[in-house]
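Beneath this line is the structure, given in structure tokens, with notes to follow.
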There are 2 protein chains.
Amino acid sequence: MAARKSSDNLKEVIRDFRRDQVIDVARRLFGERGTTEVSMDEIAAEAGVARSTVYVYFANRDELLRACLQRMLNQLLESIAVDWERDTEPAQRLRTLIGGMFERLDDNPAFFRLALVTQEAVTQGSAAVGSELALIGLEIAGMIDNLYLEGVSSGLFRPMEPDRATSLIGQQIYGAMSVRASELIPIPRADAAAEVTEFILRGLFA
Amino acid sequence: MAARKSSDNLKEVIRDFRRDQVIDVARRLFGERGTTEVSMDEIAAEAGVARSTVYVYFANRDELLRACLQRMLNQLLESIAVDWERDTEPAQRLRTLIGGMFERLDDNPAFFRLALVTQEAVTQGSAAVGSELALIGLEIAGMIDNLYLEGVSSGLFRPMEPDRATSLIGQQIYGAMSVRASELIPIPRADAAAEVTEFILRGLFA
DNA sequence: AATAAATCGGACACACTGTCCGAAGAATCA
DNA sequence: TGATTCTTCGGACAGTGTGTCCGATTTATT
């Protein structure tokens, strides 16, 4: 039984590995040329598998795209989680949150841009995702909500309707990411993050 | 000669009329079901013309989409221009600018969402559009720039690098539009506009 | 009525999607 | 080792959409 189980696990690992392999290729190609301009043939060829094999892993094109975006979001959340736990002061948390997102964005702007652009199509598939701050993801909306409330209770931020405050902060971040993603030569990350953060903080301070 | 000219003009009018007819149908369908989910057949049928006729007016699918977006942007600019000329005080200008954009957005959220989402794909075709604030369009970026500079010279706004100030304002507006466009039941327009405006103003005040 | 232009409708080649299946290969088990 | 099971391969397939083309038909102009 133990052998059987480990065998199954190994298979799952291999399966996941290949899956990720395809996802990585797809993500790159989608980012380079846009979702509609890349055929399943190309993705399969570039990933070194048969086209029919891709369909073993992903039911269809949409699901592959969904997987690409899901993967990106996960990486984003992972990379932010560390800094998030380290800082507890609200203003600093906002700073590192924005810095972390920019960092991730700079890592793969092409696909990030695509993600921002494609969000609609993807979220309409999964009913769990609300419309507000759909892109940035509910987790990040939660983080923003959290840091805002802390800021209010410590007297740093002025009190507002929490949902609205979260929305305003998220809007600014969303906009900043969108703009940065489509800039050919974005300004230095640290500067951009500081600038956006200070602007938001001005809007929040008591 | 005069007759010939008027004849040509009439033809142009008819041509433009039919063109717009197709654009309106396409815009509706694209908005309802997304760009990739609507065939040229459907658009032609719905517009009451033959498919081959559509190809007389638009070289291909992309160009039709481009025309749809162009039309929307034009309508947006037109609807804003009036208010813009009426107000001269910077804070008030910002208010009416944002209000005007929200108004236009509420008018056809589905396609507006699509426009926000599709912007990338479209602007990459026309080299004239810069990366910064690509969506909102250079004209609107110019308006923002203008009102910011006026605000600074009247001592209302604190001095910053004008490009950065414009970018920050634009980002917030862009984000607010994106979020509003994807909300099922957006909060009342006046409230939303006021809220966003105040938030931005707080970031700008001296 | 004659002429010119726009539209129609359908045929065409081409490309891509998603499905299917038998053959070949690799890993696992007895 | 040989038998079994799982995965991948490669190609065939129907279905759908795109963009092009052209002769026939309608509509406007003179």
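What you see below is based on every heavy atom in this structure, not just the backbone, and it leaves out hydrogens, waters and symmetry mates. In what follows, chains are A, B, ... by sequence order, proteins preceding strands, each numbered from 1.
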Q.
Does the structure place the NZ or CZ of R104(B) under 6.0 Å from the centre of the six-membered ring of F112(B), at an angle of no more than 45° from the ring's axis?
A. no

Q. Would N108(B) and M72(B) satisfy side chain to side chain contact (heavy atoms under 4.5 Å, CB included), going step by step from the backbone distance to the final call?
A. CA-CA 10 Å; N108(B) 187 354; M72(B) 201 199 67; over 6 Å; no

**Q.** Length of the line joining M40(B):CE and dT20(D):P, which is rounded to integer Å
**A.** 10 Å

Q. Of all of residues 46-54 of chain B, which get a heavy atom below 4.0 angstrom from DNA chain C, listed by number?
A. G48(B), V49(B), A50(B), R51(B), S52(B), T53(B)

Q. Using the C1' atoms of five pairs at each end, what's the angle between the two axes of the helix from dA1(C)-dT30(D) to dA30(C)-dT1(D), to 10 degrees?
A. 10°

Q: Using side chain to side chain contact (heavy atoms under 4.5 Å, CB included) as the criterion, list what pairs up with E78(A), not counting sequence neighbours.
A: none

Q. Expressed in angstrom and rounded to an integer, what is the separation of R18(B) atom CZ from dC8(C) atom P?
A. 7 Å

Q: With rounding to the nearest 0.5 Å, note down the distance linking OG1 in T36(B) to CZ in R61(B).
A: 7.5 Å

**Q.** Interatomic distance where CG belongs to L65(A) and C1' belongs to dT17(C) [whole Å]
**A.** 15 Å

(Q) From CZ of F17(B) over to P of dA6(C), roughly how many Å is that when rounded to an integer? (A) 17 Å

Q) Any side-chain N or O of Y55(A) under 4.0 Å from OP1/OP2 of dT8(D)? A) no

Q. Once you round it to whole Å, what is the distance between C1' of dG18(C) and CD of E63(A)?
A. 13 Å

For residues 50-60 of chain B, please give each side-chain donor-acceptor pair under 3.5 Å, one per line with the distance, not counting sequence neighbours.
unit_1: N60(B); atom_1: OD1; unit_2: D62(B); atom_2: N; d: 3.2
unit_1: N60(B); atom_1: OD1; unit_2: E63(B); atom_2: N; d: 3.0

Q) Would you say the side-chain atoms of S167(B) and Q171(B) include a donor-acceptor pair closer than 3.5 Å? A) yes

Q.
Could you check whether R28(B) pairs with E32(B) (Lys NZ or Arg NE/NH1/NH2 to Asp/Glu carboxylate O, under 4.0 Å)?
A. yes

Q | Euclidean distance, atom CG of residue D41(A) to atom P of dA12(D) [Å, nearest integer] | A | 14 Å

Q.
Counting the atoms with a prime plus P, OP1 and OP2 as sugar-phosphate, which does Y57(A) contact under 4.0 Å by heavy atoms, base, sugar-phosphate, or nothing?
A. sugar-phosphate

(Q) Quick check on DNA chain C: between A59(A) and E42(A), whose nearest nucleotide comes earlier from the 5' end? (A) E42(A)

**Q.** cation_pi(R189(A), F102(A)) dist<6.0 Å, angle<=45
**A.** no

Q: Check the distance between dG18(C)'s C1' and R61(A)'s CZ and give it to me in whole angstrom.
A: 12 Å

**Q.** Sub-4.0 Å heavy-atom contacts from residues 25-33 of chain B onto DNA chain C, ordered by number
**A.** none

Q) When the distance from CG of N60(A) to C1' of dC16(C) is rounded to whole Å, what number comes out? A) 14 Å

**Q.** Backbone N/O of F205(A) and side chain of R202(B): donor-acceptor pair under 3.5 Å
**A.** yes

(Q) Would M160(B) and V152(B) count as a side chain to side chain contact (heavy atoms under 4.5 Å, CB included) here? Give the steps. (A) CA-CA 9 Å; M160(B) 303 174 60; V152(B) 170; over 6 Å; no

Would you be so kind as to tabulate the donor-acceptor pairs closer than 3.5 Å made by side chains of residues 86-94 of chain B, with sequence neighbours excluded?
unit_1: R86(B); atom_1: NH1; unit_2: D83(B); atom_2: OD1; d: 3.1
unit_1: D87(B); atom_1: OD2; unit_2: T96(B); atom_2: OG1; d: 3.2
unit_1: E89(B); atom_1: OE1; unit_2: A91(B); atom_2: N; d: 3.4
unit_1: E89(B); atom_1: OE1; unit_2: Q92(B); atom_2: N; d: 3.0
unit_1: E89(B); atom_1: OE2; unit_2: A91(B); atom_2: N; d: 3.4
unit_1: Q92(B); atom_1: OE1; unit_2: R95(B); atom_2: NE; d: 3.4
unit_1: R93(B); atom_1: NE; unit_2: W84(B); atom_2: O; d: 3.3
unit_1: R93(B); atom_1: NE; unit_2: D87(B); atom_2: O; d: 2.7
unit_1: R93(B); atom_1: NH1; unit_2: E150(B); atom_2: OE2; d: 3.4
unit_1: R93(B); atom_1: NH2; unit_2: W84(B); atom_2: O; d: 3.3
unit_1: R93(B); atom_1: NH2; unit_2: D87(B); atom_2: O; d: 3.3

